[in-house]
Each structure stands twice: as C-alpha cells, then as structure tokens.
Student: 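Mind having a look at this structure? Questions to follow.
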Amino acid sequence: SSVEEVASEERSLEEIAEECEEATSGAQSKEKEVAEEDEMVPEPEERPPDLTEDPRLETQELPEDRVKEPEVTEQPEAEAEQEVTLEPELITEPDPEPEITHQANQEPSLEGTEDDAVEETTEDTPESEQGSNQEDEAIGSGLRDRSHIEEMLRLATAEPSAEFSGAIKRLLNIYHKSIKPMEQVFKYNELRQHEVTAGEITSKPMVLFLGPWSVGKSSMINYLLGLHGTPQELYTGAEPTTSEYTVIMHGERFRTIEGIVMAADSSRPFSPLEKFGQGFLERLVGIEMPHKLLERVTFVDTPGIIENRKQQERGYPYNDVCQWFIDRADLIFLVFDPTKLDVGGELEILFRQMKGRESQIRLILNKADSLSTQDLMRVYGALFWSMAPLVNVTEPPRVYVSSFWPQDYAPDTSRELFMKEEISLLEDLNQVVENQIENKIAFIRQHAIRVRIHALLVDRYLQTYYDKLGWFGDPYEVFQDVVNDPDKYYIFKSILAKSNVSKFDLPDKEAYQDFFGVNPISNFKQLSQHCSWTDGCLLEKIEKAISHELPALLSSVTKSSGAPAPAKAAPANPPPLPGTCEGPECEEKPKNPWRKQGAKNCYILI
C-alpha cells in the first residue's frame with residue numbers, strides 16, 4: 001500500500017508540473033499581447049521583467065502604476081511559506097492571471113478617469129478656495145499686490161474738470177498782464193535765473209527723486225507705475241546706472257524724447273534748460289507713456305549723488321541744474337539706503353539749495369526689509385544724526401521707512417509697518433496732486449512778490465546813483481561806490497521802511513553786484529517813468545495782482561473744490577387740520593409802541 005501511495009503522489013506531481021508549464025506558456029503569450037497593446041499607446045512605458053515559474057510572482061514584478069493590488073505586492077514571509085507547503089491548492093486556482101492581464105489592458109482608461117477626477121475636484125472647489133489659491137500663487141511668484149496704489153491715488157476718477165481749466169486760464173491772464181511786464185523791464189530773470197513760462201504754469205505737478213547712487217530711486221518709480229517686467233521698465237542695478245536726468249511724462253504712446261527736442265518745444269516747461277549748455281541737454285531724456293498716474297503727475301529721476309572727488313566732473317553744472325528742478329518741484333523725495341547714510345559735499349550743497357522748501361522734502365529710508373528690527377532702529381537713528389546739521393528747521397522732515405520695489409517683503413520683517421508707511425506716502429503724493437491748482441497760484445504769487453522787491457531795489461539804486469552823481473561827479477566811481485557798499489546809503493533798509501517787504505524776502509547784496517556788472521545801471525528807468533494813461537503804472541498792476549486778484553482766484557478755487565453736495569429737498573409739511581390756522585397771516589401782529597408818540601409829534605409840528 002505504501003508503494004502504491006508513493007506512485008500516486010509521483011503521478012500527481014508530474015501532472016502539477018505539466019499544468020504549471022501550460023500556465024506559464026499561456027501567461028507568456030498573453031504578456032506578448034499586452035506588450036503589443038502597450039506599443040500602440042502613445043506614451044511608452046517600461047517593459048515588465050521576465051516572468052517566473054510561479055504565476056503569482058507576475059503581479060509582484062509588474063510596475064506599481066499598472067497593477068495596484070496591495071494584497072499581491074506586499075506578502076509577508078509566513079504567507080510565502082504557506083504557498084510552498086500548500087502547492088496542491090494552486091491546482092484549483094489557475095484563474096487570477098486573466099484578471100491581472102485584463103487590468104493591464106485597461107490601463108489607458110485608468111489615466112483618463114484620474115484626469116476626470118482631478119477636473120471634477122477642481123470644479124467642485126468653492127470660489128473662496130480658488131481665490132486663496134490665486135493669492136498663494138501671487139505670493140509664491142514673489143511680486144507684491146499693487147491694487148492699493150490705484151485706490152489711494154484715485155486713478156479711476158482722474159479727469160480734469162472745467163473749473164480747473166478755467167482757473168488755469170485766469171492765472172495765465174494775470175501773469176501775462178500784471179507780472180511779466182515788470183520782469184522784462186527790470187530783467188528779473190538774469191538775477192534769479194528763474195523764468196516762468198506758460199508751459200510751466202499749465203504743467204502737471206512735478207515729483208523729484210534725489211539721493212545717492214543705487215538706493216532704489218528708479219526701482220521706486222517702476223513700482224509706482226507698475227513697469228516691472230515690461231519693455232518700459234527703467235534700468236536698475238547695484239552700480240551707478242542713471243547717468244542722466246530722466247523725465248517720465250504722459251503721452252499717447254510710448255516713446256523716448258531727446259533733451260534737445262524737449263528744450264526746443266515751447267509748450268513744455270523745459271525750454272529754459274537750454275542755458276545749461278549742450279553738454280547737459282545730451283544727458284536729458286524724456287519718456288512718454290500712457291498711464292493714469294502720469295495724467296496727474298510727472299516724475300523726474302536724477303543721477304545719484306557721488307561723493308568721490310574724481311567723479312565730480314560731470315561735464316555740466318550739476319548744482320545749478322538741481323536748483324532749477326528744486327525750484328519747480330512740488331514734492332522732493334530724498335531717498336537713502338541703510339548702507340549709504342554718509343553726508344558729503346554734494347549732498348550738503350543740495351540741502352543748502354533746498355533752504356526755504358523744507359515743507360516739500362520727504363526722506364525715504366528704502367530697502368528696510370533687508371534689516372532686522374533692531375538694526376532698523378539703529379539705522380533710523382543714524383539717519384537723523386546725519387541729517388540734523390543739514391536741515392535747519394525746528395520740525396524734522398517726514399521720514400518713510402519701507403521697501404519700495406515690486407518684490408514682496410522679506411520674511412520675518414515688519415510687513416504691517418512697511419505697508420502703513422507706504423500708504424502714508426501715497427496719501428502725501430495724492431495730496432500734492434489734489435492741490436495742484438492751489439500750489440500753482442501760491443507759486444505765481446510768491447514769484448510776483450520777488451519781482452516787486454527786485455523792481456523796488458533797482459529803483460532805489462537808481463535814485464541813490466542820480467542823487468550822488470551831481471553835475472561834476474564821475475559816473476563810474478559813483479556807480480561802483482553805490483553797488484559795492486549799499487549799506488552806506490541805506491538802500492536795503494529804506495526798502496524795508498517804505499514798503500511792505502519782509503527782511504527775509506530780500507536777496508543777497510552780492511547778487512546785485514553781479515547783476516549790475518552785466519547790466520549797467522544807466523540801462524534802467526525809475527518806476528515813476530513806467531506809467532501810461534491807458535495801461536497805468538507797472539507797480540500798481542503787480543501790487544493789485546498780489547493783494548487782490550491772486551487771493552480772489554485762490555478763494556474761488558477753494559470754494560469750488562470744497563463746496564458741499566446739494567442738500568436734499570425738505571419734505572413738505574402735512575396739511576393743517578380743520579379748524580386750525582397756519583401761516584404768516586395767522587400770526588399775531590406785534591403792536592407799534594411808537595405810533596401814538598409819532599402822532600403826538602405830528603400834532604406838535606402842526
């Protein structure tokens with residue numbers, strides 16, 4: 001019996017081996033079919049490794065993205081031992097292979113379903129989550145949001161009104177009729193080198209950017225105008241990049257204008273720049289572009305202040321050009337870098353030129369997010385320590401601490417503080433834009449006061465000259481004596497005593513020595529001789545403009561700009577109730593206590 005059992009077991013083992021060989025051959029044929037179908041798919045994939053004799057090892061060797069059966073791919077060692085010991089059970093289960101090949105054949109459909117599932121999930125996400133995703137993308141891109149700039153500057157409603165254009169026309173009329181004749185007669189432009197043109201009166205407010213090189217002046221302009229990443233972006237860099245004066249103006253299209261063309265155009269306020277020579281005009285560039293902010297303001301980017309003595313030879317009068325732009329700027333941004341707080345010769349001269357215009361100066365500590373909070377406080381104190389000897393005012397100028405460029409703030413910095421400082425600067429800029437007509441009127445009135453003082457001084461010089469000349473005096477000696485020593489003849493003191501002039505508005509005495517050195521005193525006439533029956537006297541005209549016409553124009557502009565909205569009509573009163581009386585005719589009339597007394601007086605007169 002034992003021999004027969006051994007023989008039967010050997011036969012069963014041979015049958016199992018034959019069935020295994022048939023199963024492996026069938027699996028290989030099916031695997032070839034799968035490989036042919038995979039070659040038809042446009043996305044090629046790696047060919048699975050060779051199959052083993054055990055059919056279950058096929059599922060283990062297939063890639064995970066094609067066959068996803070965690071029960072087959074991960075088998076502990078105990079289960080493997082059971083498979084070896086229980087081989088007869090495999091005879092009854094030769095069928096799992098077609099299921100595996102069927103799943104492999106359905107591989108392209110699985111990819112499509114995954115894409116569909118992704119689309120469905122994106123469609124099912126709410127709008128709030130999509131908005132947060134967009135914000136995360138903006139933050140991830142590293143660019144800062146600029147929506148608050150348009151809101152603070154009110155760029156959506158920037159349209160000039162008819163009242164504004166009417167006020168500009170009246171201001172031009174007052175200037176050409178009452179102020180300009182006095183300028184031409186007494187040659188005021190040669191004294192102050194400040195010629196007011198019609199283009200300057202009608203021009204937009206000017207914002208001037210000053211400061212050392214590579215402190216972020218051009219980057220700040222790019223940020224305010226949103227030029228980052230556009231062809232119109234101003235070139236920036238760590239080295240001194242801006243070597244010319246760049247005027248960014250509004251235009252119908254983007255174009256670059258040479259300085260020679262800008263100076264030749266009388267409709268622009270830059271025609272007086274010709275007096276600084278062709279060397280400067282070659283370093284003057286104008287850029288026109290369509291932008292809402294440029295419809296209301298003009299930006300001027302200047303070369304950086306260089307304290308190195310070897311590089312001070314610029315080829316043109318740098319300080320005189322800066323003085324010209326300072327006199328016409330409505331707002332001056334003096335930009336500093338935490339690494340460039342030293343004060344040198346050029347910066348000290350600039351502060352002297354800005355004397356009397358401290359209310360228009362704004363100090364900017366740029367690149368503040370590159371420092372920690374403790375270092376930022378130390379740099380802030382060092383900035384005031386450096387500026388204190390230069391700013392001769394009791395109230396320190398306003399300082400804005402932030403990082404004005406398109407990139408997002410550095411992590412672990414005072415983001416809220418920097419954003420509040422930026423909003424304060426935008427409010428200050430918007431205030432200048434809103435008050436541009438008031439500033440124009442005040443500027444023309446101040447200019448008229450200076451012209452009047454100049455005319456009074458020249459008239460006093462003439463009167464003193466003719467009084468001391470006599471019949472036999474030497475004209476040249478008397479002229480030199482009067483011009484070189486005006487205090488000897490009380491010229492300036494007599495002006496303060498006889499006319500309504502402040503001593504702080506008087507020009508320097510040395511300026512008139514140069515003025516009369518170019519213009520002989522015999523070329524002028526006294527004020528009493530500049531009168532006519534039709535036009536009147538020049539002095540009376542300019543005094544009328546200073547005292548009455550310009551203040552009246554300013555008050556009319558302020559009233560129109562600050563006029564409240566029309567009030568709504570009050571609701572009508574309800575009709576009176578029956579049996580009552582309302583109205584002025586129903587009120588009791590007051591008695592006249594003087595009636596009887598007046599009658600008695602009449603009787604007495606009779």
Side-chain angles (χ1 to χ4, degrees), residues 175-176 178-197 272 274-277 317 319-321 323-324 327 349 352-353 355-356 445-533 535-546:
Y175 171 73
H176 288 289
S178 304
I179 302 173
K180 192 171 183 179
M182 184 77 80
E183 286 183 24
Q184 295 175 347
V185 168
F186 289 94
K187 299 181 179 180
Y188 174 75
N189 298 330
E190 298 185 10
L191 175 70
R192 289 277 302 182
Q193 295 184 353
H194 192 166
E195 181 181 358
V196 179
T197 60
E274 287 183 336
K275 62 185 178 183
F276 297 118
N319 295 324
D320 294 340
V321 173
Q323 183 67 60
W324 189 91
D327 291 339
I349 293 174
R352 291 177 185 174
Q353 294 174 337
K355 185 179 180 180
R445 187 176 183 273
Q446 185 181 13
H447 178 73
I449 292 173
R450 291 173 178 172
V451 172
R452 174 177 173 268
I453 293 173
H454 171 68
L456 291 173
L457 283 172
V458 173
D459 180 72
R460 185 62 184 171
Y461 271 102
L462 280 171
Q463 186 177 356
T464 305
Y465 170 75
Y466 288 123
D467 291 344
K468 300 298 178 183
L469 182 60
W471 291 98
F472 303 102
D474 188 0
Y476 180 76
E477 291 182 358
V478 173
F479 171 72
Q480 292 294 330
D481 188 21
V482 172
V483 172
N484 293 330
D485 193 5
D487 293 336
K488 179 181 178 181
Y489 302 100
Y490 303 100
I491 293 178
F492 284 83
K493 292 182 179 179
S494 62
I495 293 296
L496 296 175
K498 295 182 180 180
S499 58
N500 188 15
V501 177
S502 174
K503 64 178 181 179
F504 301 102
D505 295 333
L506 292 176
D508 296 332
K509 302 172 185 178
E510 292 79 8
Y512 280 92
Q513 294 179 4
D514 300 335
F515 175 76
F516 287 116
V518 178
N519 304 291
I521 198 170
S522 58
N523 293 345
F524 298 99
K525 296 180 181 180
Q526 292 185 344
L527 283 172
S528 58
Q529 299 178 2
H530 293 284
C531 297
S532 62
W533 291 100
D535 297 334
C537 298
L538 295 180
L539 184 61
E540 293 179 357
K541 286 184 178 180
I542 196 169
E543 288 181 347
K544 183 179 178 182
I546 294 171

Student: With a 3.5 Å distance limit and no angle check, can you tell me whether S178 reaches the backbone of Y175 through a side-chain donor-acceptor pair?
Tutor: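 No, the answer is negative, given that no donor and acceptor are paired below the 3.5 Å cut-off.
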Student: Would you check if the side chain of K541 reaches a backbone N or O of D535 as a donor-acceptor pair within less than 3.5 Å?
Tutor: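 Here the side-chain-to-backbone pair exists.
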Student: Can you find a pair of side-chain heavy atoms, one from Q446 and one from R450, that are under 4.5 Å apart?
Tutor: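 Of all side-chain heavy-atom pairs linking R450 with Q446, at least one is under 4.5 Å.
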Student: Are L456 and R452 side-chain neighbours, meaning at least one heavy-atom pair lies under 4.5 Å?
Tutor: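 In short, these two side chains touch, coming nearer than 4.5 Å.
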Student: Looking at residues at least two apart in the chain, or sitting in another chain, which of them share a side-chain hydrogen bond (donor to acceptor under 3.5 Å, both in side chains) with D487?
Tutor: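 Counting only residues at least two positions away or on another chain, D487 forms a side-chain hydrogen bond (donor to acceptor under 3.5 Å, both in side chains) with K509.
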Student: With rounding to the nearest 0.5 angstrom, report the CD1 to CG distance, I449 to D505.
Tutor: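 Going from the CD1 atom of I449 to the CG atom of D505 covers 6.5 Å.
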Student: Rounded to the nearest 0.5 Å, how far does CD1 of I546 lie from CD1 of I179?
Tutor: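 Answer for the CD1-CD1 pair, I179 versus I546, is 7.0 Å.
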Student: Atom CD1 of I521 and atom OH of Y476: how far apart are they, to the nearest 0.5 Å?
Tutor: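 Here the interatomic distance stands at 13.5 Å.
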Student: Is there side-chain contact between E190 and N519, with heavy atoms separated by less than 4.5 Å?
Tutor: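 Yes. Closest side-chain heavy atoms under 4.5 Å.
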Student: What are the two closest heavy atoms between V185 and H530, and how far apart are they?
Tutor: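 So the minimum-distance heavy-atom pair works out to CG1-CE1, 3.2 Å.
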Student: Is there side-chain contact between R460 and Y489, with heavy atoms separated by less than 4.5 Å?
Tutor: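 A side-chain contact under 4.5 Å is absent here.
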Student: Between atom OH of Y188 and atom CD1 of I453, what is the distance when rounded to the nearest 0.5 Å?
Tutor: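 Y188 atom OH to I453 atom CD1 measures 8.5 Å (nearest 0.5 Å).
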Student: Could you grab the distance from atom CD of E477 to atom CG of L469, nearest 0.5 Å is fine?
Tutor: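 If I round to the nearest 0.5 Å, the distance is 11.0 Å.
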Student: Any side-chain heavy atom of S522 sitting closer than 4.5 Å to one from F479?
Tutor: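 Not touching, per the 4.5 Å side-chain cut-off.
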Student: State whether the number of non-hydrogen atoms from other residues, nucleotides or ligands found under 6.0 Å of Y490 atom OH is greater than 12.
Tutor: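 12 or below, so no.
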Student: Once salt bridge (Lys or Arg N to Asp or Glu O under 4.0 Å) is applied, do any residues pair with E183, and if so which ones, sequence neighbours excluded?
Tutor: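 Partners of E183 under the salt bridge (Lys or Arg N to Asp or Glu O under 4.0 Å) test: none.
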Student: With sequence neighbours left out, what residues match K503 under salt bridge (Lys or Arg N to Asp or Glu O under 4.0 Å)?
Tutor: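 Partners of K503 under the salt bridge (Lys or Arg N to Asp or Glu O under 4.0 Å) test: none.
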Student: Anything under 30° is parallel, anything over 60° is perpendicular, the rest tilted; go ahead and classify Y512 against H454.
Tutor: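 Plane angle under 30°, so parallel.
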Student: Distance from Q529 atom CD to L538 atom CG, nearest 0.5 Å?
Tutor: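 If I round to the nearest 0.5 Å, the distance is 12.0 Å.
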Student: For the residue pair A455 and M182, what are the closest heavy atoms and their distance?
Tutor: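 The answer is CB-SD, 3.6 Å.
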Student: Please work out whether the ring planes of F524 and F186 are parallel, tilted or perpendicular, with thresholds of 30° and 60°.
Tutor: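 Parallel: the ring planes of F524 and F186 meet at under 30°.
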Student: Under 4.5 Å between any side-chain heavy atoms of K488 and D481, yes or no?
Tutor: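 K488 reaches D481 side chain to side chain.
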Student: Side chains of D327 and Q323: donor-acceptor distance under 3.5 Å anywhere?
Tutor: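 Short answer, yes.
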